[in-house]
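Lettering follows sequence order; numbering is per chain, from 1. Every heavy atom of this structure was used, including side-chain atoms; hydrogens, water molecules and symmetry mates were not.
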Protein chains: 2
Amino acid sequence: MGRWEPNARGRLAEAALELYSERGFEQTTVAEIAGRAGLTERTYFRHYADKREVLFGGIELQDLLVGAAAGAPESLTPIGVLAVGLDAVSEMFEGRRAYARKRQAVITANAELRERELIKLASLSAALAGTLRRRGVPEPAASLTAEAGIAVFKVGFERWLEDSEERGMAPVMRELLDELKAVAGGGPGS
Amino acid sequence: MGRWEPNARGRLAEAALELYSERGFEQTTVAEIAGRAGLTERTYFRHYADKREVLFGGIELQDLLVGAAAGAPESLTPIGVLAVGLDAVSEMFEGRRAYARKRQAVITANAELRERELIKLASLSAALAGTLRRRGVPEPAASLTAEAGIAVFKVGFERWLEDSEERGMAPVMRELLDELKAVAGGGPGS
């Protein structure tokens with residue numbers, strides 16, 4: 001087999017998700033994933049460091065969210081920047097709900113995968129906070145907006161996966177940004 | 001050695017933190033922790049499942065936050081309930097900044113410990129969302145408030161650790177709740 005394998009990365013990710021869904025994450029080996037994709041283990045490890053990473057490397061969520069936030073109009077407030085980032089992410093997930101549901105079921109079933117997901121989200125939050133600071137947002141507003149943004153994304157993503165009306169992700173995220181506004185601005189009560 | 005060891009749990013946690021600070025997390029064994037505490041490995045494993053857990057089991061953050069939230073006056077809004085929970089947590093950390101700084105330095109230096117911390121925070125968020133639902137807060141407000149609360153706690157905790165004025169944790173948390181309100185209510189910009 002030659003060194004040039006067209007879309008090896010994508011084929012490995014697809015094979016891994018299939019096998020993890022069929023047999024479970026723990027019962028699947030890298031050799032089996034590579035075999036299903038028609039590639040070698042060596043090729044697998046050129047693309048992914050371990051068995052977990054293959055589920056997180058395909059969708060470049062961080063680049064997309066942070067890139068959109070960095071390029072948003074200067075006049076936007078931090079929450080406006082966040083909305084632009086979430087719009088970009090929502091667009092990427094367009095038409096990928098079935099895939100996302102399958103992937104999430106695999107992650108939810110395994111503690112190691114849930115850990116890796118939490119680390120990815122923490123890293124996303126840190127990158128987003130850095131982008132906001134570079135846009136001139138002071139601390140703690142930058143970190144807090146980033147963390148609140150990840151909160152909206154987490155809750156919104158779950159709702160989008162479960163949504164019986166099969167709405168797009170963008171309206172779900174916008175609804176949650178409004179909800180955050182309502183919750184945070186609600187005062188302490190009487 | 002008898003089976004009754006006064007405050008074994010606390011002594012093990014203290015010994016572990018000392019050793020992790022001195023030698024690093026990876027270079028320390030359970031036998032060494034038990035030895036420093038004047039206890040046996042067997043006793044260690046009666047109290048903690050592994051080397052990581054000893055850093056997270058001493059402070060019952062989740063019980064405290066969720067307990068305070070559950071017992072908060074019925075008239076409070078979700079964010080008001082959150083404020084009550086954060087006050088209770090702040091009170092617990094009173095006079096423990098030096099300990100918390102030492103512990104955080106150990107956690108920050110090790111990827112496995114950062115993972116465990118993220119899992120604890122995710123579990124805290126889930127428990128808090130459950131408490132809010134039992135108080136009649138509907139979804140997605142319950143999950144979003146809980147996630148936003150964890151966001152405030154994370155950012156506030158870091159600020160409190162680094163605070164040069166050595167303020168108590170409660171005013172730092174209140175400042176961040178106000179900041180969340182300002183950020184979330186800020187509108188998208190022009």
- Message: Quick check: under 4.5 Å, non-hydrogen atoms only, which of residues 111-122 of chain A neighbour chain B?
- Response: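 From residues 111-122 of chain A, the residues near chain B are A:Glu115, A:Leu118, A:Ile119, A:Ala122.
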- Message: I'd like to know which of A:Ala146, A:Ala141, A:Ala83, A:Ala129 tops the heavy-atom pair count under 4.5 Å against chain B.
- Response: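 Most pairs with chain B among the choices: A:Ala141.
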- Query: Are there more than 12 heavy atoms of other residues, nucleotides or ligands under 6.0 Å from atom CD of B:Glu139?
  - Reply: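 Check passes, neighbour count above 12.
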- Query: Between the main-chain N or O of B:Val172 and the side-chain N or O of B:Arg159, is there a donor-acceptor pair closer than 3.5 Å?
  - Reply: no
- Ignoring hydrogens and angles, tell me if any N or O in the side chain of A:Tyr48 forms a donor-acceptor pair with the backbone of A:Arg9 under 3.5 Å.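 Yes; at least one donor-acceptor contact below 3.5 Å.
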- Pick one of side chain, backbone, both or neither for A:Glu74, based on which atoms fall under 4.5 Å of a heavy atom in chain B.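 Neither part.
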- Query: With sequence neighbours left out, what residues match A:Thr108 under side-chain hydrogen bond (donor to acceptor under 3.5 Å, both in side chains)?
  - Reply: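 So A:Thr108 forms no side-chain hydrogen bond (donor to acceptor under 3.5 Å, both in side chains) with any residue.
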- Are A:Glu175 and A:Arg167 close enough for a salt bridge, meaning some N to O gap below 4.0 Å?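 Salt bridge flag = yes for A:Arg167 with A:Glu175.
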Give every donor-acceptor pair under 3.5 Å between a side-chain atom in residues 147-158 of chain A and any protein atom, sequence neighbours left out.
| unit_1 | atom_1 | unit_2 | atom_2 | d |
| --- | --- | --- | --- | --- |
| A:Glu147 | OE2 | A:Ser125 | OG | 3.2 |
| A:Glu147 | OE2 | B:Lys154 | NZ | 3.3 |
| A:Lys154 | NZ | B:Glu147 | OE2 | 3.3 |

Distance-only donor-acceptor pairs under 3.5 Å for side chains of residues 14-21 of chain A, two or more places apart:
| unit_1 | atom_1 | unit_2 | atom_2 | d |
| --- | --- | --- | --- | --- |
| A:Glu18 | OE1 | A:Arg36 | NH1 | 2.8 |
| A:Tyr20 | OH | A:Lys51 | O | 2.7 |
| A:Ser21 | OG | A:Leu17 | O | 3.0 |

